[in-house]
Amino acid sequence: MTAGGKRVTAYAKSSVVSTKPVRPGKTYPLSELDHAMERHSLHMVFYYRSGSKLERARLKESMSELLWYFPATTGRMNWDEGGKRWVVKCNDAGVRVVDARTEATLDEWIATATAAEERELVHWEPMGNDSSIWSTFYVQITEFKDKGFAIGLSCTHMHSDPTCATLLIKAWGDCHRRAAIANPPFFHPPALIPRPNANPSAPLLSIKSSTATTTSAAGSIFSAATFRFPTAAVRSLLADLPPDSTPFDALAALFWLSISRANSTSLSSLTLVTDFRKRMYAPLPHGFYGNAAHFSSVELDPAAGWASAANSIGRHVAGLEEEEYWSAIEWLAARRISGAGAFQMYGPELTCLKLDHVMAYAAEMEEGVSPAHVSCWIGGAEGNGIITVLPASAAAEEKEARTVEVVLPAEVAEKVCKDEEILRHRPTVIFSGKI
């Protein structure tokens with residue numbers, strides 16, 4: 001154990017800059033959805049087993065090459081001349097990198113690390129008084145005893161949603177393998193400029209903007225846990241649902257019902273966060289840089305049971321329409337122009353992130369070798385908690401396998417981790433405990 005009881009020792013901090021300078025004066029304005037995420041941060045950890053090309057120096061070298069394609073990540077935040085919009089000044093300031101190590105092997109870590117210890121694999125510093133010197137991206141490279149690595153990415157959610165962050169790491173892997181970037185970044189915030197003469201309506205966001213996080217919620221102790229469901233378990237769940245049901249429908253309903261049972265008051269709804277890049281009439285490229293997440297609410301009845309909840313979630317997601325995305329963007333724009341500040345997007349109500357589309361296990365640092373595990377969590381999400389559904393494997397025969405991460409009030413998390421309806425599907429539970 002290191003000083004202070006930590007299992008990870010951070011021993012150096014530096015900045016990695018692009019191999020080529022950015023054109024002077026280059027800026028990148030944030031979109032309305034980007035501005036809406038001001039109160040949140042994003043954190044991801046990609047675990048890699050040891051390999052002949054997996055070395056700290058080479059990772060930094062390939063990161064420098066990567067950053068030339070992503071100039072917005074190396075810039076610093078500034079207000080525009082009117083003081084109303086965040087703009088990234090692409091000034092080659094670089095990405096902050098923390099070097100760290102641990103005495104555990106990768107497999108020992110995954111088998112024994114608590115939720116709090118996994119948080120040691122990311123470094124994050126909130127914005128200070130001077131945003132122009134604040135690094136919006138931090139990367140921590142932690143070496144395990146067996147020469148495996150954990151790459152921990154932290155960034156402001158204003159810059160990136162989980163899809164975007166995943167593709168950044170995937171592009172890093174492409175650069176590291178000396179391959180062409182398969183999903184190059186698409187820097188075009190005007191793609192989500194509000195339509196003229198709009199009369200937007202966003203009931204859920206309106207409620208969120210007027211709901212302050214309670215003092216008790218903000219001061220609560222939270223716990224986290226990660227459940228890894230193999231393909232066989234997910235297929236067993238889907239066997240009891242209509243043919244067009246998805247693993248997300250089944251697992252979101254399973255955990256919503258468990259959390260509802262664990263709460264002192266029954267839950268009657270679930271906020272869903274879905275990516276709309278490919279759901280537009282003119283789809284955005286996979287590499288669209290920034291936020292493309294839509295928040296919506298589905299009403300559920302705990303008494304109706306799991307299958308009913310899964311069917312309701314599936315119908316809700318399938319029925320989302322482009323007009324809803326635009327209306328939310330335009331409502332946020334009107335609110336920002338009026339001078340209103342950012343509010344809590346994730347929470348305080350129970351929120352479920354649909355991330356099983358992300359290409360997390362395609363982020364290969366060595367050809368044909370996928371990450372051993374990928375984790376993701378959101379900062380600034382106090383309240384009833386968050387459920388995150390991620391893929392669990394890149395293998396074709398494991399396409400239904402899923403990882404479910406929960407961050408919940410500690411007393412609720414303890415009950416969920418012992419829930420018989422969840423445990424009878426035999427998930428592997430890792431990274432659990434208070435955070």
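Since we're looking at a predicted model, the values are computed, not measured.
Once rounded to the nearest 0.5 Å, the distance linking CD of E398 with OG of S370 reads 12.0 Å. Here D146 contributes atom CG and L106 contributes atom CG; the two are 6.0 Å apart, rounded to the nearest 0.5 Å. T274 OG1 to F295 CZ: the interatomic distance, rounded to the nearest 0.5 Å, is 9.0 Å. Atom-to-atom distance recorded for L272:CG and F248:CZ is 5.0 Å, nearest 0.5 angstrom. With rounding to the nearest 0.5 Å, the separation of SG in C155 from CG in L42 is 4.5 Å. To the nearest 0.5 Å, atoms CD (E420) and OG (S258) are separated by 11.0 Å.
Panel note: side chain Q140, backbone E120; a donor-acceptor pair is recorded below 3.5 Å. Between the E405 side chain and the C376 main chain, a donor and an acceptor come within less than 3.5 Å of each other. Of the possible donor and acceptor atoms, none in the side chain of Y47 sits under 3.5 Å from a partner among the backbone N and O of D107. H43 places no side-chain N or O within donor-acceptor distance of the main-chain N or O of G152, the cut-off being under 3.5 Å. Using modelled atom types, no side-chain atom of T166 and backbone atom of M359 make a donor-acceptor pair closer than 3.5 Å. Looking at E322, its side chain does come within 3.5 Å of a backbone N or O of Y281 through a donor-acceptor pair. Although no hydrogens or angles enter the test, the distance criterion places no donor-acceptor pair under 3.5 Å between the side chain of H35 and the main chain of L332. Between the side chain of K170 and the backbone N or O of E364, no donor-acceptor pair lies under 3.5 Å. Checking side-chain atoms of K208 against main-chain N and O of M345 turns up a donor-acceptor pair under 3.5 Å. Counting only distance, with no hydrogens or angles, the side chain of R402 and the backbone of L251 share no donor-acceptor pair below 3.5 Å.
Under the 30°/60° scheme for interplanar angles, the aromatic rings of H373 and F431 are found to be tilted. Between F187 and F70, the ring planes lie perpendicular to each other; the angle is over 60°, past the 30° to 60° tilted range.
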message: Using salt bridge (Lys or Arg N to Asp or Glu O under 4.0 Å), reason through E411 and K415 one step at a time and then give a plain yes or no.
response: CA-CA 7 Å; E411 67 278 6; K415 295 176 183 177; over 6 Å; no
- prompt: Hey, mind stepping through E366 and K53 against salt bridge (Lys or Arg N to Asp or Glu O under 4.0 Å) and telling me if it holds?
  reply: CA-CA 7 Å; E366 292 199 276; K53 297 181 180 179; 6.0 Å; no
message: Run H357 and T163 through side-chain hydrogen bond (donor to acceptor under 3.5 Å, both in side chains) and show every step you take.
response: CA-CA 8 Å; H357 67 284; T163 301; 2.8 Å; yes
- request: In sequence, state the C-alpha distance, the side-chain angles, and the governing distance for R85 and E32, and then conclude on salt bridge (Lys or Arg N to Asp or Glu O under 4.0 Å).
  value: CA-CA 9 Å; R85 293 184 67 92; E32 299 299 341; 3.1 Å; yes
task: Would you sort out whether R178 and E61 count as a salt bridge (Lys or Arg N to Asp or Glu O under 4.0 Å), showing the intermediate values?
output: CA-CA 11 Å; R178 301 291 189 265; E61 179 183 340; 3.3 Å; yes
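Of all heavy-atom pairs spanning P302 and W256, the tightest one is N-CH2, 3.5 Å. The two residues S50 and L54 make their nearest non-hydrogen contact at CA-CD2, 4.5 Å. Scanning all heavy atoms of the two residues, the minimum distance from V404 to I387 falls at CG1-CG2, 3.8 Å. Residues A150 and L121 approach most closely at CB-CD1, 4.0 Å, considering heavy atoms. When all heavy atoms of T156 and W124 are compared, the pair lying nearest together is N-CH2, 3.3 Å. In terms of heavy atoms, K278 sits closest to P285 at NZ-CA, 3.7 Å.
In this structure, the side-chain contact (heavy atoms from CB on, under 4.5 Å) partners of N291, at least two apart in sequence or on a different chain, are L33, D34, M37, H157, D161.
For residues 189-203, every residue pair satisfying the side-chain hydrogen bond (donor to acceptor under 3.5 Å, both in side chains) rule, not counting sequence neighbours, is listed here: R195-E323, R195-E330.
Residues Y346 and R39 have side chains not in contact (no heavy-atom distance under 4.5 Å, counting atoms from C-beta outward). By the 4.5 Å heavy-atom criterion applied to side chains, L300 and I313 are counted as neighbours. Taking 4.5 Å as the limit, every side-chain heavy atom of L168 sits out of range of all side-chain heavy atoms of S160. Taking the side chain as every heavy atom from C-beta outward, S206 and W331 approach each other to under 4.5 Å. The closest side-chain heavy-atom distance from H294 to E324 is below 4.5 Å. F222 is listed as a side-chain neighbour of P409, based on a closest heavy-atom distance under 4.5 Å. The shortest side-chain heavy-atom distance between H159 and Y289 falls under the 4.5 Å cut-off. T351 is not listed as a side-chain neighbour of I378, based on a closest heavy-atom distance of 4.5 Å or more.
Residue Y69 qualifies as open at atom OH: its count of foreign heavy atoms under 6.0 Å is 12 or below. For E349, the CD atom sits in a packed shell: over 12 heavy atoms of surrounding residues, nucleotides or ligands are nearer than 6.0 Å. Sparse packing is recorded around CH2 of W68, with 12 or fewer heavy atoms of other residues, nucleotides or ligands lying under 6.0 Å away. Shown here is E299, whose CD atom has more than 12 heavy atoms of other residues, nucleotides or ligands within 6.0 Å. Counting non-hydrogen atoms of neighbouring residues, nucleotides and ligands closer than 6.0 angstrom, the NE2 atom of H123 exceeds 12 such neighbours.
Using a 4.0 Å cut-off between charged side-chain N and carboxylate O, R315 and D249 make no salt bridge. Remark: E65 does not engage R177 in a salt bridge, criterion side-chain N to carboxylate O under 4.0 Å. Between E118 and R7 there is no salt bridge, since no side-chain nitrogen of the basic residue lies less than 4.0 Å from a carboxylate oxygen of the acidic one. Checked for salt-bridge contact, E143 and K147 meet the test: a charged N lies under 4.0 Å from a carboxylate O.
Annotation: cation-pi geometry satisfied between R119 and W377 (NZ/CZ under 6.0 angstrom from ring centroid, within 45° of ring axis).
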